[in-house]
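To start, the structure under review is shown below, and the notes come after it.
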4 protein chains.
Amino acid sequence: MRKLDPIRHEEKRQEILAAANRCFERSGLKGASISDICKEAGISPGHLYHYFQSKDAIIATLSEAWLSRTRERFEGLSALEGNVAAALVVEIGRLAPSGPNSGTELVFEILAESTRNPAMGEIIQAHSRSLRAIIADVLRTGQKRGDVRADLDVEQAATVAVAVVDGLKALSLRAPQADRQPAAALFQNMLEGLIKGEGP
Amino acid sequence: MRKLDPIRHEEKRQEILAAANRCFERSGLKGASISDICKEAGISPGHLYHYFQSKDAIIATLSEAWLSRTRERFEGLSALEGNVAAALVVEIGRLAPSGPNSGTELVFEILAESTRNPAMGEIIQAHSRSLRAIIADVLRTGQKRGDVRADLDVEQAATVAVAVVDGLKALSLRAPQADRQPAAALFQNMLEGLIKGEGP
Amino acid sequence: MRKLDPIRHEEKRQEILAAANRCFERSGLKGASISDICKEAGISPGHLYHYFQSKDAIIATLSEAWLSRTRERFEGLSALEGNVAAALVVEIGRLAPSGPNSGTELVFEILAESTRNPAMGEIIQAHSRSLRAIIADVLRTGQKRGDVRADLDVEQAATVAVAVVDGLKALSLRAPQADRQPAAALFQNMLEGLIKGEGP
Amino acid sequence: MRKLDPIRHEEKRQEILAAANRCFERSGLKGASISDICKEAGISPGHLYHYFQSKDAIIATLSEAWLSRTRERFEGLSALEGNVAAALVVEIGRLAPSGPNSGTELVFEILAESTRNPAMGEIIQAHSRSLRAIIADVLRTGQKRGDVRADLDVEQAATVAVAVVDGLKALSLRAPQADRQPAAALFQNMLEGLIKGEGP
DNA sequence: GATGAATGAGTCTTCATTCAT
DNA sequence: GATGAATGAAGACTCATTCAT
């Protein structure tokens with residue numbers, strides 16, 4: 001007499017994650033309590049622990065989601081037909097508008113937490129590696145097609161791109177109501193210069 | 001028969017701030033408790049509240065200090081005699097080595113907190129404005145001396161520079177044990193391209 | 001078309017009791033949770049309550065088992081052919097080696113619990129009475145055969161024997177890694193003196 | 001401007017210990033909660049942790065007190081002038097009347113806990129050693145005065161005495177309302193036989 | 001028979017803060 | 001200035017138990 005659990009279970013899990021996400025965005029990683037999350041999800045504290053082992057486990061699960069959002073933006077770029085490098089630059093430029101919504105702060109919180117919590121450090125570093133690998137891949141594709149200068153150290157360039165992404169995210173918190181498009185345009189120019197290479 | 005209070009008072013205040021700073025670096029903004037700080041400072045909790053109204057007040061005070069560290073790096077630049085723009089680029093490149101010590105994480109924590117705490121928001125934005133102003137000033141000085149291309153929008157370029165600073169700080173957390181110098185060198189190249197101008 | 005339920009039911013009950021026993025030995029009466037027991041037994045919490053009304057009911061059932069172990073050691077003695085009193089003394093001496101395994105601690109826990117839980121008190125006292133009765137019976141058999149001195153108050157002697165049994169169990173917890181055999185030998189001498197009588 | 005803390009502090013500490021003691025006797029080691037203890041002591045939970053690091057610390061402190069009660073009964077015996085061995089036997093016989101008051105159950109609870117909690121194990125074993133040492137000392141004094149037979153292994157005899165003490169304590173829980181004096185008298189006879197030696 | 005979702009009061013402990021001295 | 005006693009709400013998490021399926 002089996003139950004159709006797996007589906008229901010996963011649904012509930014996702015509901016709880018969504019509720020937790022809202023709480024974390026509202027109050028921060030340490031600011032949001034298990035009790036808050038339970039209220040938001042409409043469940044009892046005991047029940048939450050049926051789905052997650054600990055608050056940290058919830059944070060870890062959500063962290064991957066938060067970090068994935070950025071990664072997904074770049075995944076698939078190297079499969080494009082046209083000028084891959086240009087697409088990359090455009091994509092990075094598009095990061096600027098994202099205001100203090102989509103949990104940018106939370107990424108910075110886990111970045112800070114990664115200093116003290118080894119588990120978080122793992123997550124962050126794994127994400128950093130994969131993000132860097134994706135961008136390096138895009139750049140290599142560009143090199144094959146001649147859109148990226150041949151002598152570019154793609155690994156270091158990818159590292160720079162990741163840092164630019166972080167810098168733009170920080171910018172959205174530093175100047176929440178400013179028009180960040182012009183600065184993003186400058187960044188695009190800079191990246192184009194780096195990637196295409198124009199001066200000796 | 002004057003009392004030396006004001007001096008002593010300020011000394012003690014600074015001692016407490018130093019102790020709090022150590023605690024925050026060790027455990028984070030929420031992770032460090034008033035009790036921890038008191039132990040570190042060697043005073044009683046009641047006494048601490050003679051010097052600071054609340055934990056938030058301590059954080060606010062220290063935040064300015066943390067942010068100032070970066071500002072001070074750039075403050076004297078426009079008064080330099082030589083190539084001001086080159087000095088700026090060098091200075092930004094120097095940020096890379098700073099590992100996950102010196103409270104880099106704390107800057108990201110207050111960045112995140114600024115989303116939720118208006119007082120923090122004020123502090124962050126004031127600091128961002130002043131940092132941008134300083135860098136814009138350096139660039140304007142460079143324009144006068146011909147080291148910076150005349151048609152550069154110095155305000156936007158300063159914004160970009162601030163974002164690069166943040167990006168490099170994030171990088172030091174994302175890749176704590178990597179050699180970040182090569183990436184920093186690429187950043188320097190990019191900034192030079194932006195500032196001196198090589199485009200058509 | 002009879003159902004095999006009653007048999008299966010009892011089997012499952014015993015399985016659960018065995019699992020609970022393991023848990024209690026591992027973590028103590030309060031330390032072991034229903035959840036632990038369910039995991040150990042490989043069943044769901046809801047299911048466990050089909051077999052036992054409550055955790056206390058499980059403990060009560062097992063308590064009888066724990067206490068019975070000691071009772072069973074002495075049960076067949078009075079039916080022996082040879083010197084019954086000597087066999088009793090030997091049997092008591094054999095208690096010493098039992099280390100802090102076999103749930104000796106649990107007997108002391110229910111002894112403590114009996115102070116506060118009347119149901120436990122009932123169980124303990126019933127067991128004490130029956131154990132005393134068995135030993136008194138053995139002694140009476142010994143008196144008939146002349147192995148036990150005729151003027152011995154067998155009821156009081158049985159009470160003493162029970163206390164000696166408890167004392168030896170406590171000893172196995174107080175000195176878990178000591179060789180308790182020499183002390184047990186002294187006890188045997190003492191009991192022989194009591195039973196055979198050597199006084200004036 | 002020093003405070004007269006040390007005195008007040010110790011007083012409060014003792015008050016809390018007394019309250020905790022009452023709670024533990026009423027509900028057992030795990031059954032009594034910090035909250036119960038705070039209510040009984042008339043303080044807030046936060047305040048309790050000003051005086052004790054943890055519930056375990058309270059239990060450890062009280063454990064020593066509980067165990068000491070028994071030890072104190074025997075301390076001083078070897079300094080007596082008269083027949084030391086007889087005094088020891090009398091003292092052991094006096095243990096019987098102590099009903100289920102004075103926290104006998106709690107001693108058994110820590111005895112059980114000592115199996116699982118190393119800190120408790122330490123306490124129990126230290127106490128066992130000191131109790132055994134005291135009784136062995138009394139017996140040695142008796143040997144010098146000729147009250148104890150010269151060939152007695154005093155260490156093993158002391159071990160037996162400790163077990164008898166535990167056995168009598170268990171008896172007070174097994175038969176709370178019985179007259180345990182006759183059984184205690186038998187024990188005294190047995191011990192006299194062991195100590196003075198009457199056999200061949 | 002059997003599952004596991006669900007509860008909510010309860011666990012120990014920590015927190016920022018206040019107050020009498 | 002300085003102490004540390006005192007608070008009590010809140011922290012994360014666990015518990016024995018019930019119920020719909």
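Protein chains get the first letters and strands the later ones, always in sequence-line order, with residue 1 at the start of each.
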Taking every non-hydrogen atom, the tightest pair across [X] and [Y]:
| X | Y | result |
| --- | --- | --- |
| D/Leu48 | D/Cys38 | CD1-SG, 3.8 Å |
| C/Leu111 | D/Leu173 | O-CD1, 3.8 Å |
| A/Ile110 | A/Ser63 | CG2-OG, 3.5 Å |
| B/Leu29 | B/Lys55 | O-NZ, 3.1 Å |
| C/Arg174 | D/Ile124 | CA-CG2, 4.2 Å |

* For C/Ser44 and for A/Ser44, locate the closest nucleotide of DNA chain E by heavy-atom distance; then report the residue assigned to the nucleotide nearer the 5' terminus. => C/Ser44
* Shortest side-chain distance from B/Tyr51, nucleotide among E/dA2, F/dG1, F/dG4 -> F/dG1
Spacing of [X] atom [atom1] relative to [N] atom [atom2], expressed in whole Å:
| X | N | atom1 | atom2 | value |
| --- | --- | --- | --- | --- |
| B/Lys39 | F/dT3 | NZ | P | 15 Å |
| D/Glu10 | F/dA5 | CD | P | 12 Å |
| D/His50 | F/dG4 | NE2 | P | 8 Å |

* Can you find a heavy atom in the side chain of A/Thr61 that is under 4.5 Å from one in the side chain of A/Arg13? -> yes
* Are any of the side-chain heavy atoms of D/Lys39 and D/Ser35 separated by less than 4.5 Å? -> yes
Each nucleotide N or O in nucleotides 12-16 of chain F that has a protein N or O under 3.5 Å away: list the pair and distance.
residue: F/dA12; atom: OP1; partner: A/Lys55; partner atom: NZ; Å: 3.0
residue: F/dA12; atom: OP2; partner: A/Ile34; partner atom: N; Å: 2.9
residue: F/dC13; atom: OP2; partner: A/Tyr49; partner atom: OH; Å: 2.7
residue: F/dC13; atom: OP2; partner: A/Lys55; partner atom: N; Å: 2.9
residue: F/dC13; atom: O5'; partner: A/Tyr49; partner atom: OH; Å: 3.3
residue: F/dA16; atom: OP1; partner: C/Lys55; partner atom: NZ; Å: 2.8
residue: F/dA16; atom: OP2; partner: C/Ile34; partner atom: N; Å: 2.8

* For DNA chain F, what is the dot-bracket line, given that a base pair needs Watson-Crick (N1 to N3, plus N6-O4 or O6-N4) or G-U wobble (N1-O2 and O6-N3) geometry with both distances under 3.5 Å, and | means paired with another strand? -> .||||||||||||||||||||
* Output yes when D/Glu25 and D/Arg22 qualify as a salt bridge under the 4.0 Å nitrogen-oxygen rule, no when they do not. => no
* Asked: Between C/Glu109 and D/Arg116, is there a side-chain N and carboxylate O pair less than 4.0 Å apart?
  -> yes
* Spatial distance of atom CH2 (D/Trp66) from atom CD1 (D/Ile123) [nearest 0.5 Å] -> 10.0 Å
* Residue-level proximity of residues 11-19 of chain D to DNA chain F when a heavy atom falls under 4.0 Å -> D/Lys12
* To do: Report the C-alpha distance between C/Ile58 and C/Tyr51 in whole Å, list the side-chain angles of each, state the deciding distance to 0.1 Å, and finish with yes or no for side chain to side chain contact (heavy atoms under 4.5 Å, CB included).
  => CA-CA 9 Å; C/Ile58 300 178; C/Tyr51 293 92; over 6 Å; no
* Asked: Looking for any heavy atom pair under 4.0 Å, which part of the strands does A/Leu48 touch: base, sugar-phosphate only, or nothing?
  -> nothing
